[in-house]
Number of protein chains: 2
Amino acid sequence: MNTKIKNIKMYLESNNVNPTYHRIVIFQYMENSTRHPTAEQIYTDIKKEIPTISKTTVYNTLNSFVKNGIAEKLNIADSEVHYDIPDNGHDHFLCINCGKIYDIKPEYSKSNIEIKSIQGHKITQLHCYYKGICKSCRNDKK
Amino acid sequence: MNTKIKNIKMYLESNNVNPTYHRIVIFQYMENSTRHPTAEQIYTDIKKEIPTISKTTVYNTLNSFVKNGIAEKLNIADSEVHYDIPDNGHDHFLCINCGKIYDIKPEYSKSNIEIKSIQGHKITQLHCYYKGICKSCRNDKK
DNA sequence: TTTAAGGTTGTAATGAATACAAAAATAAAA
DNA sequence: TTTTATTTTTGTATTCATTACAACCTTAAA
Ligand SMILES: [Mn+2]
Ligand SMILES: [Mn+2]
Ligand SMILES: [Zn+2]
Ligand SMILES: [Zn+2]
């Protein structure tokens, strides 16, 4: 077992997630991914490594990650939920042409500003989503 | 026909939406609502006034409003899409206890700041969602 | 009054996410 | 070790929001 997995095990444990094989693999996949995958994408990809895995396990695992604060749901697209490992409170940009979701570097982020409450409501989360045409799609049209 | 409906007719026309009876009633309902209703809620309420209306008409109408920029989808909650009449680029607060969605006054809004592009991506929309416990729910617990 | 175009309706289909119970794996107790 | 309890995983069924589609209705031009 390499040190990365050992670290993941410890990380999951310290966040009240029992580090089973499936959960470690899913977390590792999430950490290495830059795509903000959907549950379906995670399932499809991890099936190559663990052909017996069930889609329910993917959903259960992701829900457990979210409940314990080590993964985040992105309600940025209309149909499916995307998942992310929250990291420095960065924002997201969705390309309405190709569907890709990009990270917005924290220095440009609106959501790393500390606000405790607004209009009497206690704030625990702030999500900022940009939408438009991504750099790559803009270049393609030229 | 009162002047309000006349104005709605003109407003829909000027936004490339043919002002049929159903569309006028739905738009009027949206304008008078502060609840950021879902398609289901709109359907249920308008059914009282127009018992023969179909849910498909509600969806068709809302999609047409969104396409023509006179209504906005809020992907703030996990399951259902909420709809809003965009107005001064205000933000939204979702109470994770009672589910109510509140408007955040433009002076506090993060989304009325003018940014044209970021990291090479052309921005056309910016959505900021706050989540937490609303004022009313906080008072109830005391 | 025909014809065409657009609008509405009801039902069927899609698809993401959850519910649930049986089977399997792991941990604790005897 | 064997037995028992707890947790995890799996497969299938179900739910529910949204869309697809075709028949029907309404309105306006021809
Ligand atoms: Mn991200
Ligand atoms: Mn609003
Ligand atoms: Zn793109
Ligand atoms: Zn509340």
Side-chain angles (χ1 to χ4, degrees), chain A residues 1 8-9 12-13 15-27 29 35-68 71-84 99 101, chain B residues 1 8-9 12-13 15-27 29 35-68 70-84 94 99 101:
Chain A
M1 184 187 299
I8 292 180
K9 274 185 88 159
L12 296 183
E13 260 166 2
N15 285 93
N16 300 309
V17 175
N18 200 356
T20 66
Y21 175 59
H22 295 82
R23 288 169 186 166
I24 290 168
V25 170
I26 291 175
F27 192 84
Y29 173 90
R35 317 171 75 144
H36 308 90
T38 64
E40 184 70 36
Q41 288 166 344
I42 296 168
Y43 170 70
T44 303
D45 285 348
I46 290 191
K47 217 174 157 55
K48 293 167 191 164
E49 194 171 337
I50 312 172
T52 57
I53 200 171
S54 123
K55 204 179 282 184
T56 303
T57 297
V58 174
Y59 276 104
N60 287 340
T61 300
L62 290 170
N63 284 338
S64 148
F65 287 176
V66 170
K67 193 179 60 168
N68 293 287
E72 190 182 7
K73 283 188 178 190
L74 303 185
N75 289 320
I76 188 172
D78 273 358
S79 52
E80 293 170 298
V81 172
H82 293 256
Y83 291 87
D84 197 15
I101 296 173
Chain B
M1 185 188 297
I8 293 180
K9 274 186 86 159
L12 295 184
E13 261 166 2
N15 285 93
N16 300 310
V17 176
N18 200 354
T20 66
Y21 175 59
H22 296 83
R23 288 168 185 168
I24 291 169
V25 171
I26 291 175
F27 191 84
Y29 173 90
R35 317 171 75 143
H36 308 91
T38 64
E40 185 71 37
Q41 289 165 344
I42 296 167
Y43 170 69
T44 304
D45 284 348
I46 290 191
K47 218 175 155 55
K48 293 166 192 164
E49 195 171 339
I50 312 173
T52 57
I53 199 171
S54 122
K55 205 179 281 185
T56 302
T57 297
V58 174
Y59 276 103
N60 286 342
T61 299
L62 290 170
N63 284 337
S64 147
F65 286 175
V66 169
K67 193 179 59 164
N68 292 286
I70 61 174
E72 191 183 6
K73 284 189 179 191
L74 303 184
N75 289 320
I76 187 172
D78 274 357
S79 52
E80 293 169 300
V81 172
H82 293 255
Y83 291 87
D84 197 14
L94 169 72
I101 296 172

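Order of the sequence lines sets the chain letters (A, B, ...), proteins ahead of strands, with each chain counted from 1.
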Between [X] ([atom1]) and [N] ([atom2]), how many Å, whole number?
X        : N       : atom1 : atom2 : value
Tyr21(B) : dC25(D) : OH    : C1'   : 17 Å
Gln41(A) : dA17(C) : CD    : P     : 11 Å
Asn75(B) : dA17(D) : CG    : P     : 15 Å
Ile26(A) : dT9(D)  : CD1   : C1'   : 11 Å
Ile46(A) : dT10(D) : CD1   : C1'   : 16 Å
Arg23(B) : dT27(D) : CZ    : C1'   : 13 Å
Ile50(A) : dT8(D)  : CD1   : P     : 16 Å
Ile42(B) : dT18(D) : CD1   : P     : 10 Å

Measure the shortest side-chain to side-chain distance between [X] and [Y] over non-hydrogen atoms and say whether it is less than 4.5 angstrom.
X        : Y        : answer
Asn18(B) : Leu12(B) : no
Asn75(A) : Val81(A) : yes
Phe27(A) : Thr61(A) : no

Checklist entry - Are Glu40(A) and Lys55(A) close enough, and set up right, to give a side chain to side chain contact (heavy atoms under 4.5 Å, CB included), and what steps lead you there? => result CA-CA 8 Å; Glu40(A) 184 70 36; Lys55(A) 204 179 282 184; 3.0 Å; yes
Next on the checklist: Taking only side-chain N and O atoms of His22(A), does any of them lie within less than 4.0 angstrom of OP1 or OP2 on dT10(D)?
Outcome noted: yes
Next on the checklist: For a quick test of reading the model: is some side-chain N or O of Ser79(B) closer than 4.0 Å to OP1 or OP2 of dA17(C)?
Outcome noted: no
Next on the checklist: So if I take every side-chain heavy atom of Glu40(B) and compare against dA17(D), dA16(C), dT18(C), which nucleotide ends up nearest?
Outcome noted: dA17(D)
Checklist entry - Contact class for Asp78(A) vs. all strands (heavy atom < 4.0 Å): base, sugar-phosphate, or nothing? => result nothing
Item to check | Glu49(A) side chain vs Ile46(A) backbone, donor-acceptor pair below 3.5 Å | outcome: no
Item to check | Backbone of His82(B) reached by a side-chain donor or acceptor of His36(B) within 3.5 Å | outcome: no
Next on the checklist: Using a 4.0 Å cut-off on heavy atoms, which residues in residues 51-64 of chain B reach DNA chain D? List them by number, or say none.
Outcome noted: Thr56(B), Tyr59(B), Asn63(B)
Next on the checklist: Within the supplied structure, the quantity of interest is the number of heavy atoms (other residues, nucleotides, ligands) at a distance under 6.0 Å from Lys47(B) NZ; does it exceed 12?
Outcome noted: yes
Checklist entry - So which one's nearest nucleotide on DNA chain C is more toward 5', His82(A) or Asn18(B)? => result Asn18(B)
